[in-house]
Each structure stands twice: as C-alpha cells, then as structure tokens.
Amino acid sequence: MSATIAIINAHIKTLNPHQPSAQAVAIENNRILKVGTRQDIEPLIGEKTLLMDLGGKTVLPGLIDTHIHVADYGRCLMWLDLTTAKSICELQQLLKQKVDQTPSDGWIVGQGWNETRFQEKRMPTAADLDLVAPNNPVILYREAAMLCVANTPALKHANVTPTTPTPLGGTIDKTPQGTPTGIFHNSAVTLIWQVVSKPAQAELLSATALACQKIFQAGITSLHWFVLSEDELAIIQSLYEQNQLLFRVNVVVPHALLEKTRCLKSKNPDVLRVSGVFIVADGYLDSKEAALTQPYSDDPNNTGKLFLSKETLSASVMDALSFGVQPIIHAMGDQALDLALSVIEQTKSPTRFRIEQAAVLNPDLIERLKKQNTAISIQPRVISSEFSVWSVDQRLGPRAKWLHPLKTLLDAGVVVAAGSDCPMEPLNPMLGIQELLLRPSYPEQRLSLDEALSLYTINAARCAAEETTKGSIQEGKLADLIVLNTDPTTIEPHKISEITIDFVILNGQILVVTL
C-alpha cells in the first residue's frame with residue numbers, strides 16, 4: 001500500500017492526546033494512513049507518492065468553525081467597509097463617498113465601525129449620518145456585537161417612531177424625550193434590516209461564493225452554517241452542485257425551517273448534511289435579556305427573559321430528535337441553562353446535546369453539563385465584547401467570574417467548541433485563538449495554546465459527534481490539514497492573529513491559498 005501524499009520534516013500538532021506531535025504524515029486518497037516520524041512512513045512512500053518536505057513548518061488539523069452565517073458574510077462583503085474609521089468624522093467621509101456613487105433612493109449598508117476606536121468615544125447616531133446622507137436610507141453595523149445605527153430615511157422606511165414596540169430580545173436607544181437615536185441592539189436590528197432592499201438571488205449566490213473563498217483562506221475546512229432564511233437553502237444547494245463549497249458543511253436551521261431542509265440533496269454527508277436545529281431559550285446579556293436566576297446587579301427588577309416554556313422547548317427538542325438532527329439550544333443566562341438542562345435530563349436521549357453561548361454558569365450547572373455529556377459552543381470575540389463593551393462586571397457583580405469560565409469547564413471535562421459568529425464578529429479563527437490565550441478579564445480562565453486549538457479542532461468535532469472522522473491528525477480520519485506560515489509556539493500570544501495559511505489539504509487534495 002502506497003501513500004498518495006507524504007508530508008515530512010514538519011512540526012505536526014495532531015490534537016490527538018495519545019500522540020500530540022509528529023514529524024510526518026502519510027495520506028492515502030482522502031484518509032490519513034500513518035502519523036509519526038519519517039522512518040514510520042518511509043515504507044508507504046511509492047513511485048507515485050507526492051513527497052512534501054515542509055522544512056519544519058507547522059501543520060494542524062483543518063479548523064472547524066461551529067457558528068457562522070455564510071450567506072450573511074457574503075452579503076457583508078458587498079457592503080461599505082468602515083473598519084478604518086478612527087472618528088465619526090472619518091466614518092462620515094467614507095459614507096459621503098458611497099453616497100456619491102449611489103442613486104439617491106438606493107440603500108447603503110456598511111459594517112465595521114467601533115466607537116472604542118473613535119476620537120469621540122461614542123456611537124454614531126442618525127443625526128450624524130443625516131449630515132452626509134440626507135436622502136439615502138443607511139444602516140451601518142458595528143464591528144462586533146449585534147448592533148447597528150440607521151439614519152432618518154431608513155427609520156422612515158421601517159416606520160420606526162417613538163411608539164414603535166421593541167422586539168423581544170432587542171433594544172432601541174432613545175433620547176430623554178423618547179425619540180429613537182438610530183441605534184438598535186440585538187433583535188431590534190431586524191426592524192431596519194427587514195426593509196432593506198435585498199440583492200437578487202444570483203447576486204447573493206455570487207457573494208456567498210466569494211465568502212466561501214474567504215473562509216477557505218482562513219484555514220477552515222469544516223463549518224456549521226447557521227441558516228437564517230429559506231433562500232439560503234437554495235444557495236447552499238447551488239454551491240454544492242457547482243463544487244463551490246470549499247469546506248465541509250453542517251447545516252443548522254431554525255425550528256421553523258426544519259421541514260424545508262428536505263430540499264437539500266447531498267450525495268456525500270461528509271461534505272454536506274443537515275446536522276442541527278437552533279432553538280432560542282433566552283436573550284443576550286448586552287440587552288439584559290439573558291435569563292438569570294437572580295436579578296441583574298445594576299437592574300434589581302430585571303432577571304431577563306425566557307422565550308420558551310419548558311413544554312415548548314421540550315416539544316422543539318423532540319421534533320429535532322425525531323428528524324434525526326442535533327438540538328442546539330441558545331441559553332446564555334443561568335436560568336435558561338437550568339431550563340435547557342432540565343429538558344435534556346428528562347429526554348434521556350443518547351444524542352449529544354449542544355448549548356450555544358452558555359455564558360453565566362455555576363458549579364452545579366457545570367456538573368450537570370458534564371453528567372449529560374452536553375457540549376458548549378462559544379464565540380471568543382463575543383466573550384471579549386461582554387467585558388470590554390457591555391460592562392458585564394456591573395451587570396453581574398460577583399457572578400461575572402462565572403461568565404464563560406472556559407478553563408474551569410475544560411478542567412471539568414466539558415466539551416467546549418468555538419466559532420466566529422461571522423459576520424457579527426471577525427471570521428479569523430487565529431484571532432479567536434488569540435482571544436482565548438490573552439483573556440484580560442479573569443485571567444485564571446485563560447487557555448493554553450493546545451487548549452485553544454482544541455476548541456477549533458477536536459472539540460469542535462466532538463460538539464457535532466464527528467470526532468471519529470475529523471478534528472485531529474489521526475490514522476483513519478479524513479485528510480483535512482492546514483499548513484501555517486508561522487509556528488504559533490514561537491511568537492507572542494498577541495501576534496497569533498497575524499498567522500496566515502500557506503495551503504490546505506482538504507479531503508486529501510492540496511489546495512493553494514491565494515490572498
């Protein structure tokens with residue numbers, strides 16, 4: 001038996017605890033044949049074997065993003081980029097340039113502003129946008145967190161007035177007189193988004209294909225595609241049929257779209273499969289709608305909101321199980337986590353359950369998570385936003401030390417995986433790994449490099465019960481590997497995000513990354 005590819009002289013971090021490192025790996029077609037030293041794989045090198053001497057470069061398992069909105073990311077690539085703006089004045093200049101290129105009634109959508117970079121140290125408002133865009137409806141998304149600002153024409157299109165009800169799970173900022181400022185949080189952003197002119201399906205398909213290229217360039221070989229609309233299912237099918245899915249896709253849909261997924265046809269479940277149903281049990285911490293057992297420290301009459309009763313949650317979970325997919329429950333607050341775990345405990349299913357954004361924990365909840373073998377999926381940049389943007393210490397008081405206690409969870413044996421929540425947060429998985437290493441708030445919860453890597457590899461595979469086929473460089477597993485331009489063990493943690501990908505091996509095929 002000969003290998004089709006043999007990699008030698010490499011620094012291989014396998015993420016296999018029984019063989020953490022290696023120098024060589026042999027691949028036969030789309031599977032890993034042997035892992036070890038050059039001497040170990042020498043007998044597998046034949047006349048037709050492609051021999052690759054990496055000169056000591058670092059090899060990792062292909063990275064897995066457990067939470068990404070691919071179609072929305074594609075749409076964002078069509079938007080006005082505001083990441084360079086260092087003041088509201090610079091934001092206005094960029095917006096004015098876009099206004100000059102857009103018909104007077106055309107929508108302008110942008111993303112990437114961050115008030116912490118602004119000289120003014122405040123968020124832009126509708127009044128700021130109106131100065132340079134008095135006619136075009138405008139919506140501009142913040143760099144991180146689900147937050148946007150819209151101008152007056154956009155508010156008029158959406159019929160947002162001082163008396164507009166706030167959507168469940170959202171917040172509308174208002175002046176002391178009750179007038180909307182143009183700033184919307186969480187689910188309230190949909191008030192504007194739902195009236196934005198949508199691109200044609202062909203245009204969105206093209207943009208999503210571009211997003212797939214960007215995702216591939218980031219070294220992501222598998223992802224969990226969180227679908228938000230039925231239109232995305234047709235896009236996924238088209239990309240699959242056109243061989244433009246440059247990674248393996250686990251499709252996750254809201255409960256309401258579960259039956260619609262029957263339209264997806266895949267000949268290879270290792271490439272495309274429907275894997276989960278997303279069920280929302282509570283809101284977010286930044287809007288104070290994460291459901292807590294005790295009131296918010298700075299809001300003594302508020303314990304957040306449960307969006308589902310136990311009976312409704314249980315029914316949704318049973319629907320997912322009967323359909324043969326994983327229930328994925330969004331539960332941020334400890335009250336919502338208690339509800340989710342109560343349903344999981346009574347279900348007594350061998351299925352590995354998953355909780356998304358499990359944030360406010362305590363020792364009892366951690367023990368129950370471990371006992372039920374329930375996985376957690378988090379987004380590292382969201383954790384940073386909770387502390388740096390939303391003043392979680394004030395909102396939770398002493399409980400803040402139990403906010404995303406990742407080191408404690410891992411030490412307890414709980415499976416913790418990571419995703420980006422792109423485009424609401426940056427795509428770059430190396431940035432996520434960097435955040436896990438640096439964590440400035442409650443540094444006792446910082447992770448080691450290997451622990452951080454595990455959230456994007458073997459633990460991400462375990463999160464979807466796929467650890468037998470992916471997540472580590474191990475004999476018999478799918479041949480998904482990435483080669484880095486820099487060894488992460490040799491640089492300062494704050495530079496991890498600068499690491500790029502030289503090339504990817506996906507399904508045993510060498511794919512060159514071009515930036």
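Values below: every heavy atom of this structure, side chains too, minus hydrogens, waters and symmetry copies.
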- Item | Qualifying residues under side-chain hydrogen bond (donor to acceptor under 3.5 Å, both in side chains), relative to Q445, sequence neighbours excluded | T408
- Is K174 atom NZ crowded by more than 12 heavy atoms from other residues, nucleotides or ligands, each under 6.0 Å away? yes
- Atom NZ of K348 with >12 non-hydrogen neighbours under 6.0 angstrom: no
- Message: Between D81 and T83, does the side chain to side chain donor-acceptor pair (under 3.5 Å) criterion hold? Intermediate values first, please.
- Response: CA-CA 6 Å; D81 184 1; T83 55; 2.8 Å; yes
- Query: Can you say whether the rings of W193 and Y141 are parallel (under 30°), tilted (30 to 60°) or perpendicular (over 60°)?
  - Reply: perpendicular
- For residues L449 and T489, determine if any side-chain heavy atom of one lies less than 4.5 Å from a side-chain heavy atom of the other. yes
- Task: Start with the C-alpha distance between R248 and D480, add both sets of side-chain angles, then the distance that settles salt bridge (Lys or Arg N to Asp or Glu O under 4.0 Å), and finish with yes or no.
- Result: CA-CA 10 Å; R248 306 181 190 280; D480 297 347; 2.7 Å; yes
Review item, side-chain donor-acceptor pairs of residues 490-498, under 3.5 Å, at least two apart:
residue: T490; atom: OG1; partner: D487; partner atom: O; Å: 2.8
residue: S497; atom: OG; partner: Q434; partner atom: OE1; Å: 2.9

Distance-only donor-acceptor pairs under 3.5 Å for side chains of residues 470-478, two or more places apart:
residue: K470; atom: NZ; partner: S222; partner atom: OG; Å: 3.1
residue: K470; atom: NZ; partner: E466; partner atom: OE1; Å: 3.4
residue: S472; atom: OG; partner: Q474; partner atom: OE1; Å: 2.8
residue: S472; atom: OG; partner: K477; partner atom: NZ; Å: 2.6
residue: K477; atom: NZ; partner: E467; partner atom: O; Å: 2.7
residue: K477; atom: NZ; partner: K470; partner atom: O; Å: 3.3

- For Q357 and Q379, test the side chains for any donor-to-acceptor distance below 3.5 angstrom and give the result as yes or no. yes
- Message: Checking R75 now: which residues fulfil side-chain hydrogen bond (donor to acceptor under 3.5 Å, both in side chains) with it, not counting sequence neighbours?
- Response: D72
- Is the count of non-hydrogen atoms from other residues, nucleotides or ligands lying under 6.0 Å from Q394 atom CD greater than 12? no
- Which residues share a ring-ring contact (aromatic ring centres under 6.0 Å, His included) with H224, sequence neighbours left out: none
- Task: Verify the distance criterion only: is there a donor paired with an acceptor across the side chains of Q346 and S314 at less than 3.5 Å?
- Result: yes
- Results of side-chain hydrogen bond (donor to acceptor under 3.5 Å, both in side chains) for Q372 - residues two or more places apart only: none
- Under 30°, 30 to 60°, or over 60°: which ring-plane class applies to H67 and F278, parallel, tilted or perpendicular? perpendicular
- Query: Can you tell me if S309 and T312 form a side-chain donor-acceptor pair at under 3.5 Å?
  - Reply: yes
- One should read off an interatomic distance between L60 CG and T14 OG1, to the nearest 0.5 angstrom, of 10.0 Å
- Item | Of L447, L455, L453, I499, the residue whose pairing with I433 passes side-chain contact (heavy atoms from CB on, under 4.5 Å) | L453
- Query: Would you find more than 12 non-hydrogen atoms of other residues, nucleotides or ligands less than 6.0 Å from Q294 atom CD?
  - Reply: no
- Message: Can a side-chain donor-acceptor contact be found between S377 and E356 if the only test is distance below 3.5 angstrom?
- Response: yes
- Item | Rounded distance (nearest 0.5 Å) linking atom OG of S420 with atom CZ of R381 | 11.5 Å
